[in-house]
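Letters A, B, ... mirror the listed sequences (proteins, then strands); counts begin at 1.
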Amino acid sequence: MGKGQPNVTNNIRTLRFHAGEMTQAALAEQVGVTRQTIVAIEQGRYSPSLEVAFRIAHAFGVPLVEVFQWVPPGPDQA
Amino acid sequence: MTFKEMMAGVQLLGVVAIGGWLGWDALNGGATGTTAEVATKLLWAVGGMIGFNIFGTIIGAILVSIAQGAELRDEPADERDHAVAARSLRNSGIATSILAALALIPLALGVDANLAIYALFVAPVVGGTINALSELYYYRTM
């Protein structure tokens with residue numbers, strides 16, 4: 001993780017809604033992490049490893065880019 | 001509250017309780033004595049902390065379970081737990097190293113050698129406290 005504001009955003013909340021209002025606990029169990037980690041990722045406080053990111057995408061059956069997006073830093077952040 | 005956060009809280013309470021007892025004892029003239037006497041007292045303090053952590057964890061798990069209305073159980077650590085633990089241990093190691101090194105200064109200046117016994121106790125206890133505080137901080141910010 002870099003310093004300052006994270007530039008990685010995610011659509012996990014939306015994807016959970018479209019997956020039949022999947023609970024954070026259910027997603028955590030599928031991915032193999034704790035519910036607190038899913039909460040932290042969803043809120044953008046924690047950027048997961050590449051493997052966990054792929055597992056989350058796999059749990060929703062979508063490509064990685066539909067779950068996570070990276071916003072290039074602005075001139076003041078670079 | 002997670003089990004790991006609760007354990008960090010219990011550890012902090014243990015430091016406050018045992019540190020309070022040692023402080024009260026020191027104010028009543030208990031800080032002096034032979035090296036063996038001081039070391040024995042600090043060994044009792046270490047035992048007290050271990051006992052406090054064991055019983056505090058059990059009682060804390062029961063109380064938090066009642067408050068949350070669901071059994072509080074420890075979960076297998078995942079990558080975020082490992083990241084939190086690594087950062088907390090780093091902070092703890094830095095604090096312990098600095099304190100241990102600083103303790104040599106008064107000893108070099110000829111202060112009572114019993115200070116070394118206290119330094120042996122205080123440096124890791126402060127390190128453990130920094131570790132617990134860091135865990136509580138990182139679990140809320142990352």
Most heavy-atom pairs under 4.5 Å with chain A, out of E79(B), R140(B), E75(B), belong to E79(B)
Output for pair (Q36(A) CD, E5(B) CD), nearest 0.5 Å, gives 7.5 Å
To the nearest 0.5 Å, what is the distance between OG1 (T37(A)) and OH (Y139(B))? 8.0 Å
For residues L99(B) and V38(B): do they belong to one hydrophobic cluster (side chain heavy atoms under 4.5 Å, members Ile, Leu, Val, Met, Phe, Trp, Tyr)? yes
In short, V33(A) meets D78(B) closest at the heavy-atom pair CB-OD2, 3.3 Å
Less than 4.5 Å to any heavy atom of chain A: does that hold for the side chain of T2(B), its backbone, both, or neither? side chain
Looking at E29(A), I'd like to know if its CD atom is crowded, meaning that more than 12 non-hydrogen atoms belonging to other residues, nucleotides or ligands lie closer than 6.0 Å. no
CZ of R80(B) to OH of Y46(A): how many Å apart, nearest 0.5 Å? 8.0 Å
Does a sphere of radius 6.0 Å around CE in M22(A) hold more than 12 heavy atoms from other residues, nucleotides or ligands, not counting ones at 6.0 Å or beyond? yes
Co-membership, hydrophobic cluster, residues V46(B) and I54(B), 4.5 Å side-chain: yes
When you look at CZ of F52(B), are more than 12 heavy atoms from neighbouring residues, nucleotides or ligands closer to it than 6.0 Å? yes
